[in-house]
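Right, one structure below, let's go through it.
Protein chains get the first letters and strands the later ones, always in sequence-line order, with residue 1 at the start of each. These numbers come from a predicted model, not from an experiment. Values below: every heavy atom of this structure, side chains too, minus hydrogens, waters and symmetry copies.
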Amino acid sequence: MAGKYQAPRGTFDVLPAPYAKEPVFEAHRWHAAESSYRKVAGLFGYQEVRTPIFEDIELFLRSSGETSDVVSKEMYDFKDKGDRHVALRPEGTAPAMRAYIDSSMGGQGVVSRLCYFGPVFRYNRPQKGRYRQFHQAGYELIGSPSPLADAEIITATVRYFKEIGLDNLVVKVNSIGRAETRGAYELAILSHVDKWLDGQDEEQQAKARKNPLRLLDTKDPDLRAELDGLPSILGFLGDDSKANFAALQEHLAESGVAYEVDDSIVRGLDYYTDTVFEVVSTEYGALCGGGRYDGLVEQLGGPSTPSVGVGIGVERALLVADMAGKAPRAEAPSRWYVVAATESARAAARTLAIELRSMGVGCTLDLDGRSVKAQFKQADRNGASMTAVLGDDELANETVSVKDLVTGEQKTLPRHVFLRIADD
RNA sequence: GCGGGAGUAGCUCAGUGGUUAGAGCGCCUGACUGUGACUCAGGAGGCCGCGGGUUCAAGUCCCGUUUUCCGCCCCA
């Protein structure tokens, strides 16, 4: 029966596998998601930053763009007791960059590789694969303008997906150029859809005027048809952008990354320049989003610093991995369960448990004076693969009876021999 | 933020307005007083999401609310 209180709307509890409401909320899957994140960080040399989950709201208004939906209508913001206007972070890049600048990690032409893993918040309507508190694993490469940097981030992203069992994903890449050249393309879009736009409501028109690029990734079939014949943004890029995009593709091919160019990828945050990319699933939309943001550090008050990064949606990645039948093995809390077969052996069972743990061997035992049968049942349910049984006979002979719960085999060993083999 | 479906035992779900709300699985106890996973017997467990209303009578009909799922907006 559900209790009086439950996890707030759009949030969930991560629990031991038997109790989790959905496979994706199973604790061992999160352990795998986190260790994969760390493994990829190690493989590429990224170091972790952990930033607060809330920040001055200005940080997000400045970086993501005030007109983006993420900040204009999906932010969890509030005034604290000191009347500071703060917001639960809606994404991971801006805080990481804020920390980077705040701690003067840049300078002297250093290239910084930073990564993070943690909850982010967006106030929108929850659905499967869409939560108000969800998690992002992110990698940020700060200080290099080279397309090799873009390729490295994408390669790391693909490796992350591979680590959690998703190895057939295709990355969609695009280049949206620089602010200087984007204006011409935005005009081209607007004049192309001019007539269609006249028939739209106020909200749609305002949106289109503020960020015409956002029209490109629409799902509306009418608009889709209307966009037919619109020249690609790739033809509007400046020479540098063109060269970088071509180089990026070469580097991706060189790294064996499966990718395709999709000029409808535009991303929802305003800070991107040149490279943008994502991996999408048919069921849950984007699994990650990333790209280059050469203006961001400067925008946040740091020195002009070219950067590129990615945010990976952990829930969606796990959801898709689960659908693909890729699940990490559930972990047993401990391998051994110490059973007291007689009342007089309970103290000895406790002593044995203490000894095992001091050797670094995990074990569990009954605390409530339950029957032998119940203890074995607990051992089974606990996921223990072995039981160490102590009763009057074992005490008298200084032995331990070892039962393998998988094969059902049982044998009695001298106590000192048991202690030697217990951590095998 | 807009539209629709659903919420009954720990879980998956039955349940024409009419006794004391059921099944399967799980759980507990016993058969087996020193042995789990199989079998058999017994048992515990429910404010039918929450709050109102209609009715002689509501799990069932109506309204509100909340959570969840689906679509839209948007996104990871």
Side-chain angles (χ1 to χ4, degrees), chain A residues 1-12 15 18-22 24 64 67-75 89-93 119-138 157 201 203-204 207 211 214 217-220 266-269 278-281 283-290 310-320 337 339-346 349 366 370-395 401-410 412:
Chain A
M1 191 59 208
K4 188 173 177 185
Y5 300 106
Q6 46 193 140
R9 176 165 220 200
T11 70
F12 55 88
L15 298 170
Y19 307 102
K21 287 205 178 80
E22 292 181 28
V24 168
S64 305
T67 61
S68 75
D69 283 355
V70 168
V71 310
S72 65
K73 50 186 237 194
E74 295 182 352
M75 201 121 71
R89 60 184 181 205
E91 55 109 20
T93 295
V120 295
F121 305 82
R122 290 184 200 173
Y123 192 91
N124 56 19
R125 190 100 174 201
Q127 250 174 61
K128 201 174 193 71
R130 193 172 67 193
Y131 303 94
R132 287 184 172 177
Q133 173 176 338
F134 62 102
H135 296 74
Q136 286 189 342
T157 301
D201 60 28
E203 191 188 340
Q204 188 72 254
K207 216 171 67 183
N211 194 346
R214 300 312 315 281
D217 61 3
T218 184
K219 277 186 268 181
D220 177 7
V266 293
R267 308 295 312 145
L269 305 174
E278 45 186 55
V279 169
V280 298
S281 80
E283 293 81 6
Y284 303 115
L287 303 185
C288 71
V310 63
I312 299 166
V314 179
E315 284 79 0
R316 287 185 183 180
L318 290 179
L319 226 29
V320 172
Y337 196 101
V339 172
T342 57
E343 283 311 310
S344 48
R346 289 192 190 274
D366 170 56
R370 291 153 85 101
S371 71
V372 179
K373 188 190 183 100
Q375 290 180 63
F376 268 91
K377 223 166 190 175
Q378 285 294 330
D380 199 37
R381 200 172 311 148
N382 215 29
S385 52
M386 303 292 285
T387 50
V389 184
L390 282 182
D392 293 344
D393 295 347
E394 287 82 357
L395 289 187
S401 293
V402 173
K403 180 167 185 179
D404 185 322
L405 290 179
V406 180
T407 65
E409 276 176 59
Q410 177 165 334
T412 300

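- Atom P of B:C27 sits at a distance of 42 Å from the matching atom of B:C63, rounded to the whole Å.
- The nucleotide whose nearest atom lies closest to any side-chain atom of A:Gln127 is, among B:G1, B:A76, B:G71, B:G71.
- Rounded to whole Å, atom C1' of B:G1 lies 17 Å from atom CE of A:Met75.
- Comparing B:C13 with B:G4, their C1' atoms are spaced 23 Å from each other, to the whole Å.
- Shown here, B:C40 forms a base pair with B:G30; the pair counts as Watson-Crick or G-U wobble because both key distances fall under 3.5 Å.
- Across B:G42 and B:G34, the matching P atoms stand 26 Å from one another, rounded to whole Å.
- Computed from coordinates, the A:Lys373 NZ to B:U39 C1' distance equals 11 Å when rounded to whole Å.
- The closest side-chain donor-acceptor pair between A:Glu394 and A:Ser401 falls under 3.5 angstrom.
- Closest to the side chain of A:Val389, out of B:G36, B:C75, B:U35, is B:U35.
- Remark: A:Lys73 is not in phosphate contact with B:G1, judged by side-chain N or O atoms under 4.0 Å from OP1 or OP2.
- Atom pair A:Lys128:NZ and B:C72:P shows a separation of 17 Å (rounding to whole Å applied).
- Spacing between B:A57 and B:C38 at atom C1', rounded to whole Å, works out to 48 Å.
- For the C1' atoms, the distance from B:A9 to B:G1 is 37 Å, rounded to whole Å.
- Here the separation of B:G43 from B:C48, taken at their P atoms, is 24 Å to the nearest Å.
- Across all strands shown, A:Leu287 has heavy atoms under 4.0 Å from sugar-phosphate atoms exclusively, and none from any base.
- Listed here is the closest heavy atom pair of A:Val314 and A:Ala137: CG2-N, 3.8 Å.
- Distance A:Arg370 CZ to B:U35 P: 16 Å, rounded to the nearest Å.
- Comparing B:U68, B:U35, B:C72 against the side chain of A:Arg130 picks out B:C72 as the nearest.
- Computed from coordinates, the A:Glu91 CD to B:C74 P distance equals 19 Å when rounded to whole Å.
- Looking at heavy-atom distances under 4.0 Å, A:Gly10 makes contact with sugar-phosphate atoms alone, never a base.
- Applying the 4.0 Å criterion to OP1 and OP2 of B:A76, one finds that A:Arg267 has a side-chain N or O inside that range.
- Taking only side-chain nitrogens and oxygens, A:Arg381 comes nearer than 4.0 Å to OP1 or OP2 of B:C28.
- In this structure, the CZ atom of A:Phe376 is 18 Å from the P atom of B:C32, given to the nearest Å.
- At a threshold of 4.0 angstrom between heavy atoms, the contacts of A:Glu394 include nucleobase atoms, whether or not backbone atoms are also involved.
- When the P atom of B:C69 is taken as reference, atom CD of A:Gln6 falls 12 Å away, rounded to whole Å.
- Here the nucleotide nearest the side chain of A:Tyr131, chosen from B:G34, B:A76, B:G1, is B:A76.
- No hydrogens or angles were tested; on distance alone, nothing pairs the side chain of A:Gln410 with the base of B:G34 as donor and acceptor under 3.5 Å.
- Of the two residues near RNA chain B, A:Thr407 and A:Asn124, the one whose nearest nucleotide lies more 5' is A:Thr407.
- Here the side chain of A:Lys207 is nearest to one of B:U67, B:G34, B:C74, namely B:C74.
- The ring-ring contact (aromatic ring centres under 6.0 Å, His included) test with A:Tyr131 is passed by exactly one of A:Phe121, A:Phe12, A:Tyr123: A:Phe12.
- Rounded to the nearest Å, the gap between the P atom of B:C25 and that of B:A37 is 15 Å.
- Here the CZ-CZ distance, from A:Arg125 to A:Arg132, works out to 8.5 Å after rounding to the nearest 0.5 Å.
- Not one side-chain nitrogen or oxygen of A:Arg125 sits closer than 4.0 Å to the OP1 or OP2 atom of B:C73.
- Put simply, A:Lys377 has a side-chain N or O that comes within less than 4.0 Å of OP1 or OP2 on B:C28.
- Pairing of B:C2, defined by two Watson-Crick or G-U wobble distances under 3.5 Å, is identified with B:G71.
- For a distance-only test at 3.5 Å, the side chain of A:Lys403 qualifies as a donor-acceptor partner of the base of B:G36.
- If you take OH of A:Tyr123 and C1' of B:G1, they are 9 Å apart, rounded to a whole angstrom.
- Between B:G34, B:A76, B:U67, one nucleotide has an atom nearer to the side chain of A:Ala341 than all others, and that is B:G34.
- Judged by the 6.0 Å distance and 45° axis criteria, A:Arg130 is not positioned over the aromatic ring of A:Tyr284.
- Put simply, the side chain of A:Glu283 never gets that close to the backbone of A:Val320: no donor and acceptor are under 3.5 Å apart.
- Between atom CD of residue A:Glu315 and atom CD of residue A:Gln136 there is a gap of 9.0 Å, rounded to the nearest 0.5 Å.
- Both A:Ser371 and A:Arg214 lie close to RNA chain B; mapped to their nearest nucleotides by heavy-atom distance, the more 5′-ward contact belongs to A:Ser371.
- Separating the C1' atom of B:A58 from that of B:C50 is a span of 16 Å, rounded to the nearest Å.
- Under the 4.0 Å criterion applied to side-chain N and carboxylate O atoms, A:Asp366 and A:Arg346 are assigned as salt-bridge partners.
- When Watson-Crick and G-U wobble pairs are counted only if both distances are under 3.5 Å, B:G18 pairs with B:C56.
- Minimum atom distance to the side chain of A:Asp392 is reached by B:G34, of the listed B:U35, B:C69, B:G34.
- Taking the 5.5 Å centre cut-off and the 30° plane limit, the aromatic side chain of A:Tyr284 is not classed as stacked on B:A76.
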